[in-house]
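Take a look at the structure set out below.
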2 protein chains.
Amino acid sequence: MSKIVRMKDIAAMANVSMGTVDRVIHNRGRVSADAQKKVMDVLEQINYKPNLIARTLSSSRNYRVAALLPDAELDPFWRSSIQGIQQAHSEHSQFGITISYHFFDPYSGDSFRQQAHDALESGPDGILLAPTLRQEALDFAGICREQQIPLVCFNTYIHELAPLAFIGQDLHQSGRLAAELMTMIAAPGTILVTHIGEQVQNSAHIGAKETGFREFVREKGSSHFEVNTVQLESPSRSGFKASLAQALETHPHTKGIYVTTSKAYEIARSLEELGKTDIRLIGYDLIDENLTHLRNGTINLLINQNSDRQGFLGISYLTDHLVFQKPIPTLQYLPLSIVTRENLNSYITSQEVN
Amino acid sequence: MSKIVRMKDIAAMANVSMGTVDRVIHNRGRVSADAQKKVMDVLEQINYKPNLIARTLSSSRNYRVAALLPDAELDPFWRSSIQGIQQAHSEHSQFGITISYHFFDPYSGDSFRQQAHDALESGPDGILLAPTLRQEALDFAGICREQQIPLVCFNTYIHELAPLAFIGQDLHQSGRLAAELMTMIAAPGTILVTHIGEQVQNSAHIGAKETGFREFVREKGSSHFEVNTVQLESPSRSGFKASLAQALETHPHTKGIYVTTSKAYEIARSLEELGKTDIRLIGYDLIDENLTHLRNGTINLLINQNSDRQGFLGISYLTDHLVFQKPIPTLQYLPLSIVTRENLNSYITSQEVN
DNA sequence: TTGTATGCGTTATCAT
DNA sequence: ATGATAACGCATACAA
């Protein structure tokens with residue numbers, strides 16, 4: 001039973017005062033080389049673990065973190081991220097964390113710059129960012145680095161950002177998984193890949209899922225499946241349906257559609273209206289619009305990006321870093337969760353509490 | 001910006017001392033009805049949230065929790081539970097939690113009683129239990145209740161235990177999910193259900209997975225699939241293979257096997273030795289023995305019981321209850337995770353840290 | 001450069 | 001029954 005060593009103990013062992021110990025531990029300077037050495041020697045021998053409880057109580061600082069992410073009104077996908085952030089916040093508010101929210105239009109550079117500016121104005125001690133726009137995010141990350149503000153990113157992986165931590169999904173592997181699942185459940189024939197609601201411009205990562213998907217099919221299913229990419233962007237609902245119908249005519253043997261974004265429900269609606277029931281549909285994310293079609297069977301599988309957990313972990317990591325000065329993972333890939341009608345509830349139910 | 005209220009503030013508002021406030025909040029008695037009322041009145045009006053940081057620092061109590069679960073040497077399934085427990089412990093050790101481990105033979109009542117006795121001897125403030133044996137667990141839970149020791153259970157749901165919290169999987173729904181997946185990936189024909197390594201005696205829950213499985217097939221796949229239950233227990237390896245071969249002869253149209261326990265690797269080994277490659281195999285849990293066969297394709301899907309998370313949450317809940325006196329969920333169902341070759345890594349990789 | 005003293009919010013131990 | 005006061009371990013401001 002090794003007793004816990006406190007700063008007081010270290011001070012005694014080194015024949016100095018607590019103040020000196022504090023100064024060398026946090027290297028605040030103003031210590032003589034002599035004292036420095038004495039304390040270091042002791043630290044080498046013993047295993048000092050600061051009492052984080054006492055530390056936070058004492059230095060009752062308040063930390064401001066700015067959350068910079070797309071407006072859920074413009075894309076429902078982000079709702080759950082926000083929920084995760086709020087969840088983490090309520091659990092950590094004890095530690096003096098306050099969060100300011102800055103929502104931007106995920107496709108507008110101007111909007112992003114405006115909100116990013118506001119975020120910096122709030123004088124944050126840390127920033128949580130969903131970097132949907134590559135170039136804008138890079139510029140912003142540069143400023144954060146200059147100002148020495150810790151930056152944690154989630155959802156969209158951009159290597160050059162080099163944030164303190166990234167939390168998200170391995171998109172290439174995600175594509176491979178989608179292909180594996182599709183080849184399990186679809187009859188041999190044509191598979192369509194479509195990126196609805198994403199802008200290919202200014203998004204280097206956009207192709208990762210498709211690349212992974214095609215890679216898997218090439219390795220394991222090339223004799224049974226043919227993969228085609230189709231663009232299905234259209235402003236109007238009826239226009240969308242028409243262009244889908246058009247695509248299905250061009251590829252008459254279509255047995256499956258893989259939607260790389262959270263917009264599978266758009267396809268589902270159109271498929272239902274077109275009366276096509278023999279096409280397997282795989283998409284992303286547990287947003288309400290998708291769940292309806294997962295429940296009625298038009299969508300066969302959803303891959304969950306766990307965006308609530310992304311938000312939750314983002315805030316958790318920032319508080320770990322800021323208040324506890326704990327090491328945090330540089331890269332945190334979340335599980336590639338497969339969701340069907342039968343395990344859906346296990347992913348969305350909240351529990352009773354006593 | 002509502003300021004945080006402290007006990008000192010309450011004391012001032014109620015015209016009493018902090019000591020009195022402390023006594024009514026924790027109803028330690030020794031307060032006059034008059035003072036009691038004054039404090040209560042204040043508490044009604046304001047929203048006092050105790051500072052848990054300060055509380056833990058001050059009271060610096062040590063809590064002992066006893067973990068009572070099967071020996072991983074006897075069943076590798078329990079390895080990850082232990083890992084989860086240790087993980088939670090290392091994260092919470094700051095709060096003065098110490099854990100004593102008591103491993104028993106999951107099929108021996110004597111072994112259980114012995115270890116349970118030891119666990120109680122250690123004078124624990126809380127107990128984490130994997131109740132594999134129904135009757136023994138009920139007896140033990142009775143003692144815990146008598147001695148007022150908080151009990152948290154995981155993995156095996158036994159309703160009458162009525163613990164502070166249960167953490168695990170919805171087994172009936174788990175069976176439904178397995179059936180859904182099986183009907184997705186197997187050709188029409190016979191599906192075998194088998195419970196390897198479980199004793200039906202003294203385990204009321206054992207049938208839940210099979211019931212769920214059959215229920216789903218009845219609802220959605222009765223025209224294409226026939227379900228048969230087979231017993232495949234055998235002490236020796238070659239004996240096991242022989243009885244499997246026997247079962248496959250009895251059911252020549254077998255297209256899939258559903259193993260309700262973590263022993264799917266036993267089937268996989270035998271199938272490989274028998275050279276049968278056209279049978280889909282679905283099992284449970286990411287133990288190493290299973291992963292080998294998931295990677296080489298003999299096992300098609302595994303449902304993950306997340307037993308590491310079960311252990312983790314069990315300890316987390318106990319510390320929340322003991323040190324923070326926070327409310328905890330009575331029933332915590334974990335996700336029914338579907339694991340394939342392509343998303344396996346996302347479930348088992350640990351991350352680098354800076 | 002160094003050491004001491006005070007405070008963080010709570011619990012626990014004293015005298016009253 | 002009540003109120004003052006010393007811990008808990010660390011940070012910080014200030015005195016030496």
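Throughout, protein chains are lettered first and strands after them, A, B, ... in sequence-line order, and every chain is numbered starting at 1.
Residue B:Ala11 is classed as having no contact, given no heavy-atom separation below 4.0 Å to the nucleic acid.
Rounded to whole Å, atom P of C:dG9 lies 13 Å from atom CD1 of B:Ile10.
In this model, no donor atom of one side chain and acceptor atom of the other lie less than 3.5 Å apart for A:Thr98 and A:Asn62. The closest side-chain donor-acceptor pair between B:Asp308 and B:Ser81, if any, does not fall under 3.5 angstrom. A donor-acceptor contact under 3.5 angstrom links the side chains of A:His102 and A:Ser100, judged on distance only.
Interatomic distance, A:Ile328 CD1 to A:Leu164 CG, rounded to the nearest 0.5 Å: 4.0 Å. Once rounded to the nearest 0.5 Å, the distance linking CG of A:Leu313 with CG of A:Leu128 reads 10.5 Å. A:Asn51 CG to A:Leu57 CG: the interatomic distance, rounded to the nearest 0.5 Å, is 9.5 Å.
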Check nucleotides 7-9 of chain D against the protein and report each pair of N or O atoms closer than 3.5 Å, with its distance, or say if there are none.
from, atom 1, to, atom 2, distance (Å)
D:dC8, O2, B:Leu57, O, 3.4
D:dC8, O2, B:Ser58, N, 3.1
D:dG9, OP2, A:Arg6, NH1, 3.0
D:dG9, N2, A:Ala54, O, 3.3

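In the displayed structure, A:Glu160 atom CD is contacted under 6.0 Å by more than 12 heavy atoms of other residues, nucleotides or ligands. Residue A:Arg55 places its CZ atom among more than 12 non-hydrogen atoms of other residues, nucleotides or ligands, all under 6.0 Å distant.
Remark: side-chain polar atoms of A:Ser307 are not paired, donor with acceptor, to backbone N or O of A:Gln310 under 3.5 angstrom. In terms of modelled atom types and a separation under 3.5 Å, the side chain of B:Gln169 and the main chain of B:Asn304 share a donor-acceptor contact.
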Output side-chain donor-acceptor pairs under 3.5 Å for residues 38-46 of chain B, partner residues at least two apart or in another chain, one line each.
from, atom 1, to, atom 2, distance (Å)
B:Asp41, OD1, B:Lys37, NZ, 3.4
B:Asp41, OD2, B:Lys37, NZ, 2.7

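B:Phe166 meets the ring pair (Phe, Tyr, Trp, His ring centres under 6.0 Å) test with B:Tyr157; sequence neighbours excluded.
The stretch residues 26-34 of chain A touches DNA chain D through A:His26, A:Arg28, each having a heavy atom within less than 4.0 Å of the strand. In the region residues 13-25 of chain A, proximity to DNA chain D at under 4.0 angstrom, judged on heavy atoms, holds for A:Met18, A:Asp22.
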Per-nucleotide pairing state of DNA chain D [Watson-Crick or G-U, under 3.5 Å; [ ] pseudoknot-crossing; | other strand]: ||||||||||||||.|
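We find that A:Arg28 and A:Asp22 are joined by a salt bridge, their nearest charged nitrogen and carboxylate oxygen being less than 4.0 Å apart.
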